[in-house]
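The basis for the numbers below is simple: all heavy atoms, side chains too, and nothing from hydrogens, waters or symmetry mates.
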There are 2 protein chains.
Amino acid sequence: MLNNSQYIEKLRSSGLRPTKQRIKICEVLFNTEKTFHFTINELVKKISKSTNDKISLATVYNTIHAFKNKGYLKEIPINSDQSYFDTNTSHHHHFYDESQRDLIDIDEADVEPVKIYTRIPGKKIKSVEVLVKVEDDKS
Amino acid sequence: MLNNSQYIEKLRSSGLRPTKQRIKICEVLFNTEKTFHFTINELVKKISKSTNDKISLATVYNTIHAFKNKGYLKEIPINSDQSYFDTNTSHHHHFYDESQRDLIDIDEADVEPVKIYTRIPGKKIKSVEVLVKVEDDKS
DNA sequence: CAACAGTTTAGAACAGTTATAATGTAGAAA
DNA sequence: TTTCTACATTATAACTGTTCTAAACTGTTG
Ligand SMILES: [Mn+2]
Ligand SMILES: [Mn+2]
Ligand SMILES: [Zn+2]
Ligand SMILES: [Zn+2]
């Protein structure tokens with residue numbers, strides 16, 4: 001739940017001018033009670049529903065990538081079909097429901113911190129992500 | 001390190017007839033000292049190097065997918081650029097070197113088993129995968 | 001060996017993503 | 001406020017990895 005001047009700040013700090021298209025994208029992404037996961041296609045649909053103006057795909061991709069680079073969005077690797085993004089940028093893990101093709105957050109407190117007893121010389125750890133794939137109980 | 005009759009068995013049990021193209025693919029995949037990770041593109045290059053016959057892309061994709069479905073290969077979710085596969089089908093985790101775009105196995109013994117204290121009603125866990133992204137130490 | 005079901009293949013089609021270049025606009029300067 | 005310019009938007013083309021197609025080919029079975 002943010003107001004316009006906060007969107008403008010988010011855009012400026014991502015190196016983007018605050019245009020009306022980008023502010024609309026911000027509203028859809030950040031003016032929500034809860035964080036959520038999305039594909040670009042789903043986001044574009046959400047945007048069309050919430051405005052009469054049409055925003056081009058290129059603008060959506062550009063804005064999403066700028067936010068991702070700035071750390072205002074995370075990309076979640078699921079498979080190679082399409083990109084999944086997350087408006088929850090805190091450190092957390094995921095269930096992936098393969099039947100529903102649905103990503104679900106796992107609260108940080110619900111996962112024992114992952115301990116890794118080996119390193120790669122000359123490399124430092126950037127992130128540790130756990131993906132728990134689930135399916136219908138009966139199947 | 002397997003012999004031809006073992007490849008034939010792998011193919012048959014995957015629902016595929018043992019043709020010479022598919023046996024060549026088996027050799028490249030399974031006739032190695034160590035397991036390895038690959039993209040389809042890398043695999044096709046490896047195949048061309050090890051034979052004079054050309055094997056079509058469609059045959060490679062079909063065979064890889066049959067092996068994946070049967071569990072003789074695993075797909076590792078990294079990003080949406082392309083699919084990464086693994087001839088190591090045992091339960092293990094990965095480092096992903098973002099500078100080198102390189103996947104590296106983490107030995108099962110080098111990761112504390114991941115404990116998850118929450119479940120999704122009606123769903124059962126299919127897999128738990130840890131991806132540790134690393135980058136050059138200086139950067 | 002004949003017959004057929006399954007296989008290979010080149011290339012087309014497709015989907016997601018990125019690039020292009022003409023037109024439009026935000027914001028700064030005058 | 002008007003003018004100017006760097007940056008943004010857009011439609012659409014290009015690109016890339018993957019899947020599909022349909023004709024030619026081959027392994028297998030009788
Ligand atoms: Mn996939
Ligand atoms: Mn990506
Ligand atoms: Zn999440
Ligand atoms: Zn591996």
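Nucleotides of DNA chain C lying under 4.0 Å from heavy atoms of chain A occupy a range whose first and last members, 5' to 3', are dG16(C) to dG27(C).
Between R22(A) and the phosphate of dA8(D), there is a side-chain N or O to OP1/OP2 separation shorter than 4.0 Å. The shortest distance between the side-chain N/O atoms of S83(B) and the OP1/OP2 oxygens of dT18(D) is below 4.0 Å. Side-chain N/O atoms of Y61(B) include none lying less than 4.0 angstrom from OP1 or OP2 on dT19(D).
Applying the salt bridge (Lys or Arg N to Asp or Glu O under 4.0 Å) rule to K24(A) yields the partners E27(A); only residues at least two apart in sequence or on another chain are considered. When the ring pair (Phe, Tyr, Trp, His ring centres under 6.0 Å) test is applied to H92(A), the partners found at least two apart in sequence or on another chain are H94(A). Residues forming a salt bridge (Lys or Arg N to Asp or Glu O under 4.0 Å) with R101(A) (at least two apart in sequence, or on another chain): D81(A).
When each of F85(B) and L16(A) is assigned the nucleotide of DNA chain D with its nearest heavy atom, L16(A) is the one assigned upstream, toward the 5' end. Residue-to-nucleotide proximity on DNA chain D shows that, of P18(B) and Y84(B), the 5′-proximal contact is made by Y84(B).
Looking only at side-chain heavy atoms (C-beta outward), L73(A) and F38(A) come within less than 4.5 Å of each other. You'll find the side chain of I64(B) reaches within 4.5 Å of the side chain of F85(B), heavy atoms only. N88(A) is not listed as a side-chain neighbour of F36(A), based on a closest heavy-atom distance of 4.5 Å or more. Side chains of C26(B) and L11(B) form a contact here, defined as non-hydrogen atoms less than 4.5 Å apart.
Non-hydrogen atoms lying under 4.0 Å from DNA chain C are contributed by K54(B), I55(B), S56(B), A58(B), T59(B), all within residues 49-59 of chain B.
Pairs passing the salt bridge (charged side-chain N to carboxylate O under 4.0 Å, His left out) check and including a residue from residues 112-123 of chain B, sequence neighbours excluded, read D97(A)-K123(B), D136(A)-K123(B).
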